[in-house]
Amino acid sequence: MASSSAAAAPLLTPKPDPDAPLPAPTVEVTPELCAALRRELERSPDDLPDFVHGLRLAQERLDAISAYLVSARPPMPPLTATPTATTPMPPPAATPPMPPPAATKRPLVAPEASSSAAAKGKRRARGTGATEMVRATVPAGPDHVHARNLVRRARLIFEALRVVYHRGDAGAGEGARKRADLSALSVMFDRGLGLYRDVRIVGSIPGVFVGDVFFYRAELCVVGLHNHVQGGIGYIPASVVSKGKPVATSIVSSGGYLDDHDGGGDVLVYTGSGGRPRNGGEHFADQKLEGGNLSLVYSCEYGIEVRVVRSHDCEASPSGKAYVYDGLYKVESSTYGPGKSGPDVCKFKLVRIPGQGELGSSVWHAAGELGNALASGIRPRGYLSLDLSKGKERLRVPVCNKVDQDSSPLDFEYIAHPDFRAARVPRPVKRYKACHCGTTCGAARSAAAACKCVCVRKNGGGPVYNADGTLVRGRPVVYECGALCGCPAASCLNRATQRGMEHQLEVFRSKETEWGVRTLGLIQPGAFVCEYSGDVVTVDDGQSTDWGCFVDPRKFPARWREWGDASAVLPDEEGHKFPEPITGPGYVLDVSRRRNFAAYISHSSAPNVFVQFVIRGNEDESFPHLMVFAMDTIPPMRELSIDYGIDQQG
DNA sequence: GAGTCATCAAAACG
DNA sequence: CCGTTTTGATGACT
């Protein structure tokens, strides 16, 4: 304090200035730290405690590595001298008036208050209260893959729980009329399975991509995209933000307000909440500048980005609605005045931040039109063929190239299914026990009354497929009913892959992956997509193949484990009593001359489809079908990707 | 901290 | 099959 040398070195005097901005509570991100955390995460395989543990660790890591407090956020000029210019919303005489020209004074919190906030960030939140407002940078590389897996598993567990609760209330009259989606959400939160729950993320959610589709509002809550099951505006309350003002994090646009204007594009006019009767209807009172409405005003002022989710009607969705994540928007302006039905409303103009992935909602619509055009035989520009398979698949497979002149997919011979006849030795008909079910095998009456079909039972545990044909869970191998079975092929549930493809797909030229396969419609998780085809080549155990000419079933990693495993929250429904895994398939597919479109599916270590081995009836177990199933909800126009197991270059 | 309240859901009802 | 009612959970706030 009695430093007399101050005159000589003014720059070095660290005079504590109470008004100075706080130093950012940064954490140095070293490669060692990342590696250590990753090791920690990978050490835990699939069972419950480890999964929970993994989630917790991921959240902690999120805190430590890639998040920083908004209070210390440098890039945006926090409060400029002209705040009113961008926010022409006249302060209503009522409650909290518009932020007055606060620019004159930086409303930063006192040092000690914020250092305690930083300390709070270190400690894990206990209960629900202690949350911290953070922005997460989208992780790269393995972290990115890991985040995606977390999101997938959370959604998977949610859906599994929802189905269980749904079935539960349909059966017994006990807890009738329960909202299965909300029950599932509640259970997940209780178990600590909700993602990013104790950090309030502003901006992108790790592991959630633009264009991702959700079926329930509760599902948005589970992955941390939005935090209300009904409310349209998600925000961080003033008490948690160091500036003492609420800020919005996400909105859901359902087009339910008269004053909304949403062309599904880059600009969106969103109406605030309040002043309306419970279930829609016209406004009867002025909206107030509070809660979510106020938070959007501050988001506008601070230039904080807001996640936008749009709601669409969707037949394929169990709820009839689909919620599409459309990326980050900025609140450009806000107005307050009489709405179309009379009383005053808040209106917010949101503009999409450029440079994000293709817009989910607009692509959604475009894909529908494209599908219709193709279905009616119109050949849009850039399409080399309307049906690569020339009628051999159940649906047409168009080929699209808007990138260059390459037309190589048209050159090979198309076979929809591999021809195993020459190679494999079916088990003798006499010794094979076929089923003689009169009707549908694998119909899931309830958990108690399992199906008695011998084919279904061979799979160990409940039915393999749901009533809609989606795979209940991945297995080392699936035994379907076959040619010798007595069940009607048309209605038997245990033949889901035998009816051919059910989703409109196309082969397309892409700048990143050369040729790829993408879907034109929505694909439900667990849905059957297609089969790999080519010339069957028998191989011995150790024999290796070059990737490129062959599809090698032995190389596919056991991604099936990741699909349908809800043992983390559900009493294991006879799971783990899988039949003995078949000894590695004894063949590879030579796709150099003959193949089907599946050969164009790209490789990824964060795939959205996976291979499930399938044996039908008395087929030779060394020659399973390579069936492709969806492991995510795949939105329209998204490329399919699969893990071919070619990453381990050593 | 328990209780109140509002909320661009979803299912059931009529 | 619609509009309406009921059920329902959450976070924010008191």
Side-chain angles (χ1 to χ4, degrees), chain A residues 95-96 125-131 133 158 161-163 165-170 173 175-190 194 196-198 200 214-222 224-241 244-262 268-285 287-288 290-296 306-315 317-324 339 341 345-348 350:
Chain A
T95 46
R126 88 180 56 249
T128 56
T131 56
M133 175 175 170
F158 171 81
L161 280 170
R162 194 191 66 80
V163 168
Y165 284 114
H166 188 71
R167 206 164 50 200
D169 78 335
R177 283 197 234 117
K178 265 199 98 180
R179 286 281 301 274
D181 55 328
L182 298 181
S183 306
L185 177 71
S186 177
V187 168
M188 288 190 70
F189 280 178
D190 285 350
Y196 314 120
R197 193 106 190 295
D198 42 9
R200 309 297 300 270
F214 302 82
F215 293 139
Y216 287 89
R217 286 290 294 261
E219 208 177 354
L220 299 176
C221 299
V222 166
L225 208 50
H226 192 67
N227 60 341
H228 285 85
V229 289
Q230 287 189 244
I233 306 173
Y235 65 98
I236 305 179
S239 57
V240 186
V241 182
K245 308 292 184 193
V247 287
T249 55
S250 53
I251 62 166
V252 178
S253 171
S254 301
Y257 282 76
L258 274 179
D259 297 287
D260 279 0
H261 179 73
D262 186 358
L268 156 68
V269 176
Y270 190 80
T271 311
S273 66
R276 236 168 49 140
R278 282 184 304 285
N279 308 333
E282 301 230 315
H283 278 88
F284 64 85
Q287 292 187 340
K288 290 185 210 145
E290 60 188 25
N293 298 347
L294 190 60
S295 74
L296 277 170
V306 177
R307 296 186 291 271
V308 169
V309 176
R310 284 191 175 90
S311 149
H312 303 264
D313 290 331
C314 173
E315 261 182 46
S317 162
S319 72
K321 292 261 186 68
Y323 297 94
V324 181
S341 48
V345 294
C346 307
K347 287 204 274 184
F348 303 94
L350 291 101

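The model shown is predicted, which means the values in this text are computed figures rather than measured ones. Lettering of chains follows the sequences in order, A, B, ..., and the numbering in each one begins at 1.
Scanning both residues, A/Cys346 and A/Asn293, for their nearest heavy atoms gives SG-ND2, 3.8 Å. Taking every heavy atom of both residues into account, A/Gly255 and A/Asp260 meet most closely at CA-OD2, 3.7 Å.
Partners of A/Asp259 according to the side-chain contact (heavy atoms from CB on, under 4.5 Å) rule, which considers only residues two or more places apart in sequence or in another chain, are A/Thr271, A/Lys340, A/Val345, A/Lys347.
One finds a side-chain N or O of A/Tyr323 lying less than 4.0 angstrom from the OP1 or OP2 phosphate oxygen of B/dA10. Distances shorter than 4.0 Å separate none of the side-chain N or O atoms of A/Tyr165 from OP1 or OP2 on B/dA11. At least one side-chain nitrogen or oxygen of A/Arg197 sits closer than 4.0 Å to the OP1 or OP2 atom of C/dG11. Between A/Ser319 and B/dA9, a side-chain N or O to OP1/OP2 separation shorter than 4.0 Å is absent.
Between A/Leu220 atom CG and C/dT10 atom P there is a gap of 15 Å when expressed in whole angstrom units. For the pair A/Leu185 CG and C/dT7 C1', the interatomic distance rounds to 15 Å; values are reported in whole Å. One atom, CZ of A/Phe214, and another, P of B/dA9, lie 16 Å apart when rounded to the nearest Å. Taking atom CZ of residue A/Arg310 and atom P of nucleotide B/dA9, one finds them 15 Å apart after rounding to whole Å. Between the CG atom of A/Asp313 and the C1' atom of B/dA9 there is a distance of 13 Å, given to the nearest Å. Atoms CD (A/Glu290) and C1' (C/dG11) sit 14 Å apart, rounded to a whole Å. Across the protein-nucleic acid pair, A/Arg162 atom CZ and B/dA10 atom P stand 10 Å apart, rounded to whole Å. Across the protein-nucleic acid pair, A/Phe189 atom CZ and C/dT10 atom C1' stand 8 Å apart, rounded to whole Å.
The backbone N or O of A/Glu219 lies less than 3.5 Å from no partner atom in the side chain of A/Asp181, so there is not a single donor-acceptor pair. Between the side chain of A/Gln287 and the backbone N or O of A/Gly272 there is at least one donor-acceptor pair closer than 3.5 Å. No donor-acceptor pair under 3.5 Å is formed between the side chain of A/Ser295 and the backbone N or O of A/Pro246.
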Can you check nucleotides 6-8 of chain B for protein contacts, nitrogen or oxygen pairs under 3.5 Å, and list what you find?
| from | atom 1 | to | atom 2 | distance (Å) |
| --- | --- | --- | --- | --- |
| B/dT7 | OP1 | A/Gly274 | N | 3.2 |
| B/dC8 | OP1 | A/Gly232 | N | 3.1 |
| B/dC8 | OP2 | A/Tyr257 | OH | 2.9 |
| B/dC8 | O2 | A/Ser254 | N | 3.0 |
| B/dC8 | O2 | A/Ser254 | OG | 3.3 |
| B/dC8 | O2 | A/Gly255 | N | 3.4 |
| B/dC8 | O2 | A/Gly256 | N | 3.1 |
| B/dC8 | N3 | A/Asp260 | OD2 | 3.3 |
| B/dC8 | N4 | A/Asp260 | OD1 | 3.3 |
| B/dC8 | N4 | A/Asp260 | OD2 | 3.1 |
| B/dC8 | N4 | A/Thr271 | O | 3.3 |

Report task. Would you please test A/Arg200 and A/Asn227 for side chain to side chain contact (heavy atoms under 4.5 Å, CB included) and show each step? Result -> CA-CA 10 Å; A/Arg200 309 297 300 270; A/Asn227 60 341; 2.7 Å; yes

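Within 3.5 Å, a donor on the side chain of A/Arg179 pairs with an acceptor on the base of B/dA9, or the reverse.
Using the Watson-Crick or G-U wobble rule with both distances under 3.5 Å, B/dC8 pairs with nothing in any strand shown.
Each of C/dG11, C/dC13, B/dA10 was ranked by its minimum atom distance to the side chain of A/Asp181; first place goes to B/dA10.
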